[in-house]
Amino acid sequence: MERENSRRRFLQWSVAGGVAPLAGHSATAETDRSNTLRIESDGGGFGVYEFTVSGDLKQRDSGDTVSGPHAVGNVGPERGTDTFDYSGEITGLVLAGPATLYRNGTTVSSSSFPRPAGSLTAGDFDANSGANRLAIRSEGGGVAAYEFAVESNLRQLDSGDTVGNDRAVGHVGPDRGADEFAFEGSVTAFALAGPAIVSLNGSQVTQSRPSQTVSRGSPKANVTAQPDTTVLFETETSDYPGEYIRSEWYVDGEWRPGPDLFYGGLNSASRTTFTHRFDSTGTYRVRSEVYRENESSREGDDPLGVVEWTVEVGPGGNRAPIVERRNPRANILRTSRQTTERVEFEVSATDPDSRLDRIVWWIAQGDSVHGVSQVGGDYDTASITYDIDPGLPFGAYAIDRQGAISRWRGWNIKEE
């Protein structure tokens, strides 16, 4: 595995607090299937997935259903890992049950991707403050896994699945026909993958009409920062299937065309990013106008939406996290240009004010993102492997939930 502590947390519902998928910059699907998606069982039950890509798709192993750019399958007690090679972008993905996703070797959250057509979420359930009954029935032809949470008093009316703290995870399939639950209040989170029908109080639940939205990806709210702090801003769209987006970024009304710190390396088909260093105290306004890929304000096009943040910069503002080298301990590494040498790197991150969010592994002078690792809390560690190359320093930035970015800390790579 590419990072420690990568076991998928039960019911990981956050939409934007995790890793942004690493993505290319062209809407044209590649044909070399240079990307990989690995689904690895965590044990203790079935993990079921469904996903689509914009390019070509091929499974390395066997036993699951692949049809063109669409794949459906499961991992679990008898099957450990499924691995796929693909080109283009992941255009829709849902995962339910105990399993972990790796994109190009780095852990990613399923909530980082758009949901596939027909996939249910909590918003598809009618709100109800009273008693309710939820049924999940197999349609046959494969295993279906589910995860959901409710407001209160969740209990299973049959048996065999995991229920606790008003959350449930389980599966139905060839050997099990239906699972039924009673609860009070609303469904607050829901994920289902595989062939099953969901009913609430006897009525089938179907996907609501998609609502096309443009929203803050991160930070979710207005932020504070100390002077000389660099902050990462992200916008995201939902339910614009197959469309790539771009943003025009403004600080206090002034257009900032870039490049910024990460040179667009954290962008994806549905997410755009921007970094800005706030040098002095004051109140700043950051605006993102989101357009389709080939449109712009200069062509007279209307944006899909506009997202804004207010940033208060002062001595009492949020402090950026600190990242430190752990392994290798030496800060200078030597290698030959003719040698392929994969090295495991590890860093620690400390956040004095806010929760840690992610580690961005950065190839300096190459100006590219090698990977992104999720971290959390006030202190965490992350590791990744990299084929070192002379003249291209390698290291990491730590980012917290308010978007504050640490100073870069890494290793110099010199030729033997």
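Keep in mind the model is a prediction, meaning the values are calculated, not measured. Numbers here simply count residues along the sequence, with the first being 1.
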Salt bridge present between [X] and [Y] (N-O < 4.0 angstrom):
X: Asp357; Y: Arg355; answer: no
X: Arg358; Y: Glu234; answer: yes
X: Glu139; Y: Arg137; answer: no
X: Asp353; Y: Arg319; answer: yes
X: Arg271; Y: Glu236; answer: yes

Would a distance-only check, ignoring hydrogens and angles, find a side-chain to backbone donor-acceptor pair under 3.5 Å from [X] to [Y]?
X: Asp389; Y: Leu392; answer: no
X: Arg216; Y: Glu308; answer: yes
X: Asn104; Y: Thr36; answer: yes
X: Asp387; Y: Glu341; answer: yes
X: Asn222; Y: Thr310; answer: yes
X: Trp411; Y: Ala330; answer: yes
X: Asp301; Y: Ser297; answer: no
X: Ser87; Y: Asp56; answer: yes

For a 4.5 angstrom cut-off between non-hydrogen side-chain atoms, does [X] reach [Y]?
X: Ile413; Y: Thr335; value: yes
X: Tyr49; Y: Leu93; value: no
X: Val290; Y: Val306; value: no
X: Asp260; Y: Phe233; value: no
X: Leu232; Y: Thr273; value: yes
X: Ser296; Y: Glu248; value: yes
X: Phe394; Y: Val343; value: no
X: Val307; Y: Val214; value: yes

Got a sec, which residues hit side chain to side chain donor-acceptor pair (under 3.5 Å) with [X], two or more places apart in sequence or on another chain?
X: Arg325; result: none
X: Thr229; result: none
X: Ser152; result: none

Mind checking ring-ring contact (aromatic ring centres under 6.0 Å, His included) for [X] and listing every partner two or more places apart, or none if nothing turns up?
X: Tyr291; result: none
X: Phe125; result: Phe190
X: Phe183; result: none

Do we see a donor-acceptor contact under 3.5 Å between the side chains of [X] and [Y]?
X: Thr230; Y: Thr275; result: no
X: Ser348; Y: Thr381; result: no
X: Thr237; Y: Ser270; result: no
X: Asp400; Y: Asn318; result: yes
X: Thr100; Y: Glu40; result: no
X: Tyr244; Y: Asn294; result: no

Is the [atom1] atom of [X] crowded by more than 12 outside heavy atoms at less than 6.0 Å?
X: Arg285; atom1: CZ; result: no
X: Asp126; atom1: CG; result: no
X: Arg298; atom1: CZ; result: yes

Residues in side-chain contact (heavy atoms from CB on, under 4.5 Å) contact with [X], at least two apart in sequence or another chain:
X: Ile322; value: Glu324
X: Pro227; value: Thr281, Val313
X: Glu254; value: Arg256

Exercise. For residues 184-202, which residue pairs qualify under side-chain hydrogen bond (donor to acceptor under 3.5 Å, both in side chains), counting only residues two or more places apart or in two chains?
Worked result: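 Qualifying pairs: Asn132-Asn201, Asn153-Glu184.
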Just how far is it from atom [atom1] of [X] to atom [atom2] of [Y], taken to the nearest 0.5 Å?
X: Leu192; Y: Glu147; atom1: CG; atom2: CD; result: 10.5 Å
X: Ile399; Y: Ser218; atom1: CD1; atom2: OG; result: 8.0 Å
X: Asn412; Y: Asn331; atom1: CG; atom2: CG; result: 6.5 Å

Exercise. Do Glu312 and Thr283 pass the side chain to side chain donor-acceptor pair (under 3.5 Å) test, and can you show the C-alpha distance, the side-chain angles, and the key distance before you say yes or no?
Worked result: CA-CA 5 Å; Glu312 297 287 350; Thr283 300; 2.7 Å; yes
Exercise. Does the pair Arg38 and Asp82 meet the rule for a salt bridge (Lys or Arg N to Asp or Glu O under 4.0 Å), with working shown?
Worked result: CA-CA 6 Å; Arg38 187 169 88 248; Asp82 288 344; over 6 Å; no
Exercise. Going through the checks in order, is the side-chain contact (heavy atoms from CB on, under 4.5 Å) test met by Val66 and Leu57?
Worked result: CA-CA 8 Å; Val66 178; Leu57 175 65; 4.0 Å; yes
Problem set entry | Verdict with supporting geometry, His370 and Ile384, side-chain contact (heavy atoms from CB on, under 4.5 Å) | CA-CA 9 Å; His370 176 63; Ile384 200 168; 3.7 Å; yes
So, for [X] and [Y], which heavy atoms are closest and what is the spacing to 0.1 Å?
X: Ala193; Y: Val94; result: CB-CG1, 4.0 Å
X: Val372; Y: Leu266; result: CG2-CD2, 3.9 Å
X: Ser288; Y: Thr235; result: OG-CG2, 3.2 Å

Exercise. Taking only residues at least two apart or on different chains, which pairs with a member in residues 363-372 satisfy salt bridge (charged side-chain N to carboxylate O under 4.0 Å, His left out)?
Worked result: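 The answer is none; no pair qualifies.
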For this session: In sequence, state the C-alpha distance, the side-chain angles, and the governing distance for Phe51 and Tyr86, and then conclude on ring pair (Phe, Tyr, Trp, His ring centres under 6.0 Å).
Result: CA-CA 11 Å; Phe51 70 94; Tyr86 68 94; 7.0 Å; no
Problem set entry | With Arg326 via salt bridge (charged side-chain N to carboxylate O under 4.0 Å, His left out) - residues at least two apart |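 Residues passing salt bridge (charged side-chain N to carboxylate O under 4.0 Å, His left out) with Arg326: Glu346.
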Exercise. Of Tyr250, Phe278, Trp309, which meets ring pair (Phe, Tyr, Trp, His ring centres under 6.0 Å) against Tyr284?
Worked result: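 One option only clears the test, and that one is Phe278.
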